[in-house]
Each structure stands twice: as C-alpha cells, then as structure tokens.
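Here the structure comes first, spelled out in structure tokens, and everything after it is commentary.
Here is the naming used below: chain letters follow the sequence lines, and residue numbers restart at 1 for every chain.
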There are 2 protein chains.
Amino acid sequence: MSKSPARIRLADAAFALFDERGYEQTTVDDIAERAGVGRTTFFRNYRSKEAVIFPDHDRLLDLIRDRLATSSHSTALVAVSDAVRLVLLHYIDEGDLARRRYGLTSKVPALRDREIASVARYQRLFREFIAEWMGDPTASASLRAELMAAAVVAAHNHVLRRWLRGESRDPVAEVDEAMREVLALFPVRSPGDGSAEAGTTIVAFRSARDLDALLPELRRLVEP
Amino acid sequence: MSKSPARIRLADAAFALFDERGYEQTTVDDIAERAGVGRTTFFRNYRSKEAVIFPDHDRLLDLIRDRLATSSHSTALVAVSDAVRLVLLHYIDEGDLARRRYGLTSKVPALRDREIASVARYQRLFREFIAEWMGDPTASASLRAELMAAAVVAAHNHVLRRWLRGESRDPVAEVDEAMREVLALFPVRSPGDGSAEAGTTIVAFRSARDLDALLPELRRLVEP
DNA sequence: CCCTCGAACGGTACTCAGTACCATGGTCGT
DNA sequence: ACGACCATGGTACTGAGTACCGTTCGAGGG
C-alpha cells in the first residue's frame with residue numbers, strides 16, 4: 001500500500017483531517033503522520049500548511065499570463081474576460097476537490113483571506129494588462145482599467161461561487177453570459193470620440209424604455 | 001519619561017524598527033524592548049504583529065455598517081458610494097501614518113495580503129447591502145450587486161492609491177468624480193424594461209464612429 | 001491609616017509553523 | 001561495483017501566538 005506519491009497522500013490526509021477535526025485543530029505533524037511520511041516531506045511538497053489546499057495558483061497565474069501575452073483580441077476587456085474563463089475551467093476541472101476547499105474557506109478565516117489574496121493577484125494582473133493595452137497613463141484611463149479588472153473578477157467570482165454551491169448546472173454558459181454583461185458595462189470608445197470630427201448618425205432601434213430613461217446612457221455613449 | 005500609553009509607544013517603536021530593519025527582520029521582542037514594555041503587553045494591545053500596522057479596521061467597518069443602516073438614499077449604489085467616502089476620509093485623516101503603512105504594504109507580501117483581506121470585507125459588506133436592498137434573489141440581480149460592489153471598491157482603491165503615492169492633491173474631489181463614473185456604469189433600470197411592451201424609438205445623436213462599430217453595442221443595449 | 005479590589009504589567013513555559021542542516025537509503029548510468 | 005543524484009527522515013532552531021501566574025500600583029471604603 002501507500003504506493004501513490006507522497007504529495008497526493010499528503011493532500012488526502014490533510015483534507016480528511018480538516019474535515020474531521022477542523023483546520024486549526026490539525027497540526028502539520030498530524031497530516032504527515034497520517035500520510036505516513038516525515039514532517040520534512042510535507043514542507044518539501046507544500047510551502048505551508050495552507051498551501052496544501054491551494055495547490056497550483058502560481059501555475060495557473062502563469063498560464064493566464066501567457067494567454068494574455070499571446071492573445072489577439074479586439075479589446076483588452078475581451079482578452080481578459082477570455083482569460084478568466086481559464087480560471088473557472090480550472091476550478092471546474094478540479095470538481096469535488098474545489099467544493100471541499102470551498103467548504104473550508106467558508107469556515108476558516110485564515111483560508112478565506114488566502115483565497116482572497118490569490119484572487120487579488122489575478123485582478124492585479126488583469127488591471128496591469130488592460131492599463132498597458134490602453135497605453136494611456138491618464139488617471140481616468142487608469143480608473144477605467146481598474147474598474148474593468150474588478151468587474152471581470154467579480155463576474156467570475158459570482159459564477160464560480162454559484163457553481164461551488166451547486167446552484168449552477170452550466171457554469172461555462174453562465175460565465176459567458178456574465179462576461180457579456182460586463183462587456184456591456186464598458187462600451188467601446190473609438191479613438192476619435194469626444195474630439196473634433198463628429199459626424200451625425202441616425203439609428204433606429206426598438207426599446208421598451210422610454211426616452212428619458214434612455215437619454216443619459218446615450219449621452220454617455222456619445223459625449224466624452 | 002515614557003509617559004505616553006504603551007499602545008502608542010508600541011506603534012511608534014514598530015514603525016521605526018520596520019523602517020530601519022524591515023518587517024521580517026523585526027521580532028515582537030525587539031518592538032517590546034524598544035517600547036520599554038514586556039512582550040506580553042504587546043500582545044495585550046495588538047492581537048498580532050501585523051495588527052500593529054492596521055489598528056482600527058474593525059471599528060471603521062462598524063462605522064460603515066451603521067452609515068449604511070441609517071442611510072436614506074435613492075439607490076443602493078448611491079448609498080454605498082457615499083459610505084465608501086468614509087473609508088477614504090479615514091485614511092486621509094491618518095495622513096502620514098497611512099503613507100508609511102502604504103510603504104510597508106508595498107514591500108511586504110504578508111502585509112499586502114492582509115490589507116487586501118480587509119478591503120474584501122468592505123466589498124462583501126457592500127455586496128450584501130446592495131443585494132438586500134434590491135430584494136431580488138435572481139442570479140442576474142446578484143451578479144449586478146457583485147459588480148456594483150466591486151466597482152465602488154475599485155474606484156475607491158484607485159483614488160486612495162493615487163493619494164497615497166502623492167499623485168493627488170484633492171482626493172475627495174477625485175473620489176466624487178470616480179463615483180460619478182461608477183454611477184454612470186449602472187444606469188437605473190425602470191421596472192418595465194426588457195419585458196413585453198416594446199415600442200419603437202428613433203434617436204438621433206452624434207458620433208465619430210461608423211455604424212458598424214456602433215451596432216453591436218446598440219444591439220446589446222436593446223436586445224437582452 | 002490600613003485594607004481590599006481590580007486593572008495593567010512582566011515573566012515563564014508551552015504549542016506550533018516554518019527553516020536549516022545533515023545523515024541515510026535507494027536508483028540510475030557507467 | 002562505483003559514484004552521482006535524488007527523495008526522505010531526523011534533529012535542532014527561530015519566532016509568533018497563547019495560557020497562566022505572581023506582582024505592582026492606584027482608587028476607593030472602612
């Protein structure tokens with residue numbers, strides 16, 4: 001027995017013990033003992049006690065970075081909302097493991113904080129990518145980048161949490177829908193916008209809203 | 001000498017030592033020694049080594065909670081963007097202290113993570129407030145609440161960081177401007193929207209974009 | 001003036017996470 | 001059979017955080 005690599009056995013032992021006694025009540029020695037390995041081996045496989053639950057955020061972050069670097073999308077926001085799908089797919093791929101982790105992070109503040117910190121790293125990556133893509137160091141452009149990154153991450157989190165709670169049958173479809181929602185929040189501004197050469201366009205379309213409700217949006221769309 | 005209460009002297013000693021040797025290179029014993037108190041007294045005043053830098057996030061969180069509970073604004077988003085001003089004002093009130101903390105959180109990952117976790121608590125509070133205010137348990141409403149909370153927090157962070165870096169002379173004006181930006185992202189939907197009775201509206205407006213670029217946005221605006 | 005109560009303090013001893021170092025045993029290629 | 005290279009286990013250490021206990025000091029109350 002105990003043929004499987006130590007890394008796997010350690011994770012199994014950790015999750016089992018966390019379920020039985022709770023996270024704080026479980027020591028690293030306990031985990032190592034149940035896994036049938038030495039304490040040293042634990043820390044060789046996982047940098048910390050928390051890390052045994054969040055295995056490969058770094059790897060995933062690199063994956064996202066690559067995806068962004070090699071992406072050829074029309075806008076930064078599209079590229080980012082495409083990249084964030086990878087994160088969701090990764091969680092879905094983990095399946096039950098992700099759900100068990102969710103159960104833990106919901107109860108243990110230290111783990112919740114760690115999860116949040118990880119997500120913040122994605123958000124930062126997105127923010128920097130968008131800001132760089134826009135190439136506009138203005139404060140207002142920077143704010144826009146920040147808002148976009150935050151929206152994408154928030155939408156992702158929303159869908160992910162729904163799936164983790166078992167409230168979602170088709171998270172991939174949901175995330176696409178959510179990203180459309182996010183996209184709609186940030187209408188694309190073409191370069192000439194708000195500047196001198198403004199032509200006149202007349203568009204006819206159907207809407208249930210009355211004109212007063214529609215006007216502010218349109219004004220935002222067209223003006224600066 | 002050493003008349004000032006231990007709590008103050010500990011904080012002073014901590015900041016001084018962190019500046020001199022760095023955060024990780026400073027032990028709690030060092031801080032206590034320089035403050036002229038025992039190690040026990042340190043932990044009586046601050047729950048952890050990190051806490052000496054982030055004194056009163058809990059108090060501020062309660063303040064925000066109260067503000068939201070007693071707020072009478074037209075929309076949840078307005079109430080929240082009003083509440084978040086309190087956070088900014090609190091930082092500004094701290095003045096140089098906030099800037100020194102920023103210098104530390106920029107360099108020490110553990111502190112950055114802690115800061116992020118604190119911010120996440122505000123965001124969570126906002127999200128729950130907005131969701132409750134809307135009283136609509138739909139997934140789409142929930143997403144909307146999540147997006148709003150994220151946007152408000154992102155906008156706040158943007159202004160705060162600018163001020164912390166000394167890039168902003170009038171952060172209060174900036175945060176108001178940023179909040180207007182956020183407000184504009186989420187146009188108020190009138191009750192009948194998206195339902196059966198679809199009329200036809202013809203709107204004329206000026207734009208430098210050509211029609212092809214404009215069409216997808218308009219379609220998104222009207223269809224869903 | 002003395003006594004008591006309580007709060008703040010200092011010290012000791014403990015648990016546990018994380019690090020550094022070293023010694024051992026097995027596996028591979030040659 | 002030899003040495004090189006791993007992964008592993010063990011020991012010892014640092015430092016954060018907790019529990020407990022004895023002391024001191026100051027504010028009343030008799």
Side-chain angles (χ1 to χ4, degrees), chain A residues 1-18 20-55 57-58 101 104-105 107-115 117-118, chain B residues 1-55 57-58 104-105 107-115 117-118:
Chain A
M1 57 174 164
S2 69
K3 276 292 201 179
S4 54
R7 194 178 166 78
I8 308 292
R9 266 178 304 149
L10 279 166
D12 289 345
F15 271 97
L17 286 169
F18 292 163
E20 292 175 17
R21 317 181 192 173
Y23 178 78
E24 271 112 355
Q25 281 64 44
T26 304
T27 73
V28 172
D29 288 288
D30 295 336
I31 302 171
E33 190 187 354
R34 174 167 301 203
V37 301
R39 199 176 108 93
T40 312
T41 301
F42 177 92
F43 283 108
R44 253 192 282 267
N45 282 276
Y46 300 98
R47 274 205 290 264
S48 69
K49 182 182 170 186
E50 298 172 357
V52 73
I53 309 186
F54 307 102
H57 263 305
D58 288 346
R101 184 192 303 130
L104 285 171
T105 53
K107 296 192 195 323
V108 184
L111 298 179
R112 194 206 320 266
D113 289 355
R114 164 119 189 187
E115 174 85 29
S118 296
Chain B
M1 56 174 165
S2 68
K3 277 290 201 177
S4 56
R7 195 179 164 77
I8 308 292
R9 267 179 304 149
L10 280 166
D12 288 344
F15 271 96
L17 285 169
F18 292 163
D19 283 346
E20 293 174 16
R21 316 180 193 172
Y23 178 78
E24 271 111 357
Q25 281 63 45
T26 304
T27 74
V28 173
D29 288 286
D30 295 336
I31 302 171
E33 190 187 357
R34 175 169 300 202
V37 300
R39 199 177 108 97
T40 313
T41 301
F42 177 91
F43 283 108
R44 253 192 281 266
N45 282 275
Y46 300 98
R47 274 204 289 264
S48 70
K49 181 182 171 186
E50 298 172 356
V52 73
I53 309 185
F54 307 102
H57 264 305
D58 288 345
L104 286 171
T105 53
K107 297 192 195 322
V108 185
L111 298 179
R112 193 205 321 264
D113 289 354
R114 164 121 188 184
E115 173 85 28
S118 297

Calculate the interatomic distance between [X] atom [atom1] and [N] atom [atom2]; express it in whole Å.
X	N	atom1	atom2	value
B/R44	D/dC21	CZ	C1'	11 Å
A/R7	D/dC6	CZ	P	18 Å
A/Q25	C/dA17	CD	P	11 Å
A/R9	D/dA7	CZ	P	15 Å
A/N45	C/dA17	CG	P	17 Å

Of the non-hydrogen atoms in [X] and [Y], which two are nearest, and what is the gap between them?
X	Y	result
B/G36	B/R9	O-NH1, 4.4 Å
A/A6	A/V37	CB-CG1, 4.1 Å
A/R101	A/I53	NE-O, 2.8 Å

*asked:* So B/F54 and B/T105, do their side chains get closer than 4.5 Å, heavy atoms only?
replied: yes

*Distance check: side-chain N/O of A/T41 vs OP1/OP2 of D/dG9, anything under 4.0 Å?*
yes

*B/F18 ring centre to B/K107 NZ or CZ under 6.0 Å, with the angle to the axis within 45°?*
no

*Indicate yes or no for a side-chain donor-acceptor contact from A/D113 to the backbone of A/A110 under 3.5 Å, with no hydrogens or angles considered.*
no

*Annotated protein contacts, base or backbone, on nucleotides 12-17 of chain D with a non-hydrogen cut-off under 4.0 Å, one of B, S, - each*: ---SSB

